[in-house]
Amino acid sequence: MTDSVSTTRGARAGEDATAPVLELRGLRVGFDTDDGRITAVDGVSFAIGNGEALALVGESGCGKSVTALSILRLLPRSARISGGEVRYRGRDLLALDEHAMRAYRGDRIAMIFQEPMTSLNPVMTIGDQVGEPLRIHRDASRAEARKRAVELLDIVQIPDARSRVDDYPHQLSGGMRQRAMIAMALACSPELLIADEPTTALDVTIQAGILELLASLRKSLGLSILLITHNLGIVAEFCERAVVMYTGRIVEDARVDTLFREPKHPYTRGLLASLPRLSSGARRLSTIPGVVPDLRKLPTGCTFNPRCPELMPICPSAVPALMPAGGGSRARCFLYGDATETERGA
Amino acid sequence: MSETLLEVRELRKHFPVRRGLLARTVGAVRAVDGVSFSIAKGETLGLVGESGSGKTTTGRCVLRLVEPSHGEIRFDGADLRALDSESMRRMRRHMQIVFQDPYGSLNPRMRVETLIGEPLEIHEPSMKKVERRVRVASLMERVGLSPDQMRRFPHEFSGGQRQRIGIARALATSPKFLVLDEPVSALDVSVQAQVINLLQDLQRDLGLTYLFIAHDLAVVEHISQRVVVMYLGKIMEEASRDEIYARPQHPYTKSLLSAVPVPEPGAKRSRIQLKGDIPSPAAPPPGCVFQTRCPIAQERCRVEEPLLVDAGEGHRVACHFPG
Ligand SMILES: Nc1ncnc2c1ncn2[C@@H]1O[C@H](COP(=O)(O)OP(=O)(O)OP(=O)(O)O)[C@@H](O)[C@H]1O
Ligand SMILES: Nc1ncnc2c1ncn2[C@@H]1O[C@H](COP(=O)(O)OP(=O)(O)OP(=O)(O)O)[C@@H](O)[C@H]1O
Ligand SMILES: [Mg+2]
Ligand SMILES: [Mg+2]
């Protein structure tokens with residue numbers, strides 16, 4: 001039985017153990033909507049190494065969740081992946097058939113969402129749900145799955161796990177439900193955890209506990225984490241590297257300490273400057289003028305150009321490539337060179 | 001000491017819990033349970049606390065949008081709870097509210113002109129339509145919207161713009177006092193900063209007084225002069241902004257402040273981890289309401305409720321073992 005639920009780390013058939021856990025190359029995702037086609041994710045590339053925590057940050061609608069759902073191929077029907085690769089230890093997940101994909105989803109790659117209530121089944125006990133991935137992926141018996149569920153609930157520090165295992169989701173508080181979601185995600189000892197705004201719906205004191213739990217699991221289990229958040233405080237505390245998105249494109253990719261000390265892209269600078277900070281003494285916030293544009297009516301060239309304090313003549317006419325910007329950072333901005341991207345095709 | 005505009009004493013709001021076919025009352029949710037504070041003219045009082053602590057209910061009780069179960073509310077010298085409904089209606093033009101959700105709080109079938117002008121229709125029925133339109137146009141300009149967009153519907157605006165519509169509507173009757181209930185919580189950071197600056201400009205130019213409700217402690221620190229911290233319907237601590245952020249005395253305030261992730265990589269911090277969950281306000285624990293999660297609770301805390309005591313210069317703390 002221990003075998004059936006033990007860790008299955010290391011490369012499998014078709015994988016390369018030396019490749020990054022996850023690598024996205026030029027991912028492009030569109031939606032067919034009533035008023036035409038929009039490109040929600042436009043040429044996104046990044047890699048996550050062993051045990052690394054990468055933050056995907058940006059304002060509402062910039063394409064964070066669509067990127068995450070593309071990795072697990074959980075996109076809604078109206079979405080279409082029109083280009084790029086999603087490589088897991090070198091193996092292109094986008095090329096797999098649905099059956100092969102199932103060996104990744106919930107097994108080697110697990111995901112937790114913002115609102116645990118909508119992702120937990122209200123008529124199934126917590127124990128059955130936490131144990132379910134083991135039944136699916138490890139052929140565990142009911143009794144085995146239940147036993148392991150108690151252990152997992154213990155690991156995520158749900159008090160009195162032995163009796164909580166028989167509770168239904170509505171009997172748990174928001175924080176407990178999110179812990180149960182994490183327990184479920186850990187069931188098959190994944191290598192990669194994708195967490196999409198895992199604490200946004202929670203109070204700060206509860207959030208602090210969940211982040212602490214994730215940090216300790218990361219250490220003890222050697223998890224790699226893709227953390228999606230719009231909270232720059234969480235990025236600073238939790239991640240080593242961050243990717244900043246704007247209108248479906250990566251505008252900056254940097255080590256977290258560099259990002260906060262020396263943000264390169266004018267958008268990142270604007271975001272950091274507009275944060276009210278505890279005990280900063282500043283009495284007026286700096287702002288980014290205007291609003292995030294609608295994906296249906298994107299400005300030409302660099303999509304940030306109408307709001308940019310560094311606007312240059314070239315900005316509205318060409319899309320800058322993601323260029324080395326010093327300090328190991330990359331930024332999609334003509335301040336750092338004149339390399340351009342080929343204009344977005346459909 | 002400047003002049004007091006609003007004074008709230010011993011405010012309580014208990015919602016009945018009903019069960020069964022006959023909807024018998026079987027208990028009460030103590031949403032607000034004995035809250036007292038005052039706000040000076042031109043001041044911003046920040047009201048913080050976790051979900052369910054009673055912030056919104058407090059804000060609504062102050063405007064009598066929900067009827068308090070108990071307590072006194074004095075606004076500009078008037079005893080609000082003694083007013084009949086006609087006098088209260090007339091009083092409302094001086095006290096308005098802006099809601100959190102810029103999507104849900106505006107009637108989707110009303111044009112912006114009607115939305116912003118509606119309070120004027122109610123409170124100044126004699127105002128001519130053209131006059132009202134001129135006033136709506138100037139309100140739109142005041143909050144940074146183009147009057148050209150007067151004929152549009154809310155869904156044609158972004159979140160930040162919708163919040164500006166809500167603010168313009170609240171300002172229509174030239175109120176003295178605004179309850180701002182999480183006015184920027186639903187907005188993205190870059191837009192949030194614009195709306196916070198707008199609120200500060202309006203306060204300065206129009207001499208407004210704010211009750212600013214939020215759960216984001218950094219936002220509250222930025223905008224408030226004084227801060228009240230609530231937990232389970234009660235005030236745990238109140239002090240000037242500088243005092244409460246630099247020298248919090250209540251263990252709950254301390255843990256709340258320590259839990260905020262700060263956007264500075266490598267910042268050293270000692271987090272005070274709270275155990276367990278917030279108890280139900282229908283069955284608050286005996287003694288101090290915070291004792292079930294408090295890292296320093298002792299026997300006394302389980303039996304005796306601490307009073308909110310002034311420790312000097314208006315720094316009030318409800319704890320047997322503050323500091
Ligand atoms: N089912 C869909 N149909 C059409 N457009 C969609 C759909 N899902 C997402 N989009 C669009 O794709 C873009 C990216 O959405 P996504 O959910 O990835 O944003 P996000 O960065 O996760 O934002 P948030 O911070 O609000 O969660 C948005 O502009 C959104 O409107
Ligand atoms: N109409 C109502 N009937 C019954 N209970 C209510 C009602 N309104 C609020 N409550 C309860 O009163 C308590 C305080 O609610 P309130 O909305 O004031 O909290 P809050 O501090 O504003 O929380 P949040 O941060 O989530 O907005 C909660 O337990 C809530 O469920
Ligand atoms: Mg999202
Ligand atoms: Mg509220």
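Order of the sequence lines sets the chain letters (A, B, ...), proteins ahead of strands, with each chain counted from 1. The analysis underlying the following values was restricted to heavy atoms, covering all of them including side chains, and did not include hydrogens, waters or symmetry mates.
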Q: Could you have a look at B:Q161, B:E264, B:Q273 and say which one has the most heavy-atom pairs with chain A under 4.5 angstrom?
A: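 When all of B:Q161, B:E264, B:Q273 are compared, B:Q273 has the most.
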Q: May I ask you to name which of B:S258, B:P265, B:A259 has the most heavy-atom pairs under 4.5 Å with chain A?
A: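 Looking at each option in turn, the highest pair count goes to B:P265.
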Q. What's the spacing between A:T205 OG1 and B:K275 NZ if we round to 0.5 Å?
A.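 A:T205 OG1 to B:K275 NZ: 13.5 Å, rounded to 0.5 Å.
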Q | Inter-residue atom distance B:L198.CG - A:T287.OG1, 0.5 Å rounding | A |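 Separation between the atoms: 11.0 Å.
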Does any backbone or side-chain atom of [X] lie under 4.5 Å from a heavy atom of chain B? Answer side chain, backbone, both or neither.
X: A:E212; answer: side chain
X: A:V256; answer: both
X: A:R307; answer: side chain
X: A:P159; answer: neither

Q. Is there a donor-acceptor contact under 3.5 Å from the side chain of B:N197 to the main chain of A:L285?
A.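 Here the side-chain-to-backbone pair exists.
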Q | Main-chain N/O of A:G290 paired with B:Q194 side-chain donor or acceptor, under 3.5 Å | A |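 Between the backbone of A:G290 and the side chain of B:Q194 there is a qualifying donor-acceptor contact (under 3.5 Å).
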Exercise: identify the closest heavy-atom pair between [X] and [Y]:
X: A:Q207; Y: B:P261; result: NE2-CG, 3.3 Å
X: B:A193; Y: A:S286; result: CB-O, 3.7 Å
X: B:S158; Y: A:V291; result: OG-CG1, 3.8 Å

Q. Who passes salt bridge (Lys or Arg N to Asp or Glu O under 4.0 Å) against A:R179, sequence neighbours left out?
A.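 Not a single residue meets the salt bridge (Lys or Arg N to Asp or Glu O under 4.0 Å) criterion with A:R179.
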Q) Just wondering, more than 12 heavy atoms not from B:R19 lying within 6.0 Å of its CZ? A)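 No - once you tally the heavy atoms of other residues, nucleotides and ligands closer than 6.0 Å, there are 12 at most.
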Between [Y] and [X], is there a side-chain heavy-atom distance shorter than 4.5 Å?
X: B:D277; Y: A:I206; value: yes
X: A:R277; Y: B:P263; value: yes
X: B:H222; Y: A:L275; value: no

Residue [X] versus chain A: region with a heavy atom under 4.5 Å:
X: B:L256; answer: both
X: B:E50; answer: both
X: B:I278; answer: side chain

Q. Tell me the salt bridge (Lys or Arg N to Asp or Glu O under 4.0 Å) pairs involving residues 238-247 of chain B, sequence neighbours left out?
A.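 Listed once each, the pairs are B:R226-B:E238, B:E238-B:R316, B:E243-B:R247.
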Q: For chain B, find its close neighbours in residues 51-66 of chain A: heavy-atom separation under 4.5 Å, sorted by number, or none.
A: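 Result: A:E59, A:S60.
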Q: Using ring pair (Phe, Tyr, Trp, His ring centres under 6.0 Å) as the criterion, list what pairs up with B:Y210, not counting sequence neighbours.
A: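 Counting only residues at least two positions away or on another chain, B:Y210 forms no ring pair (Phe, Tyr, Trp, His ring centres under 6.0 Å).
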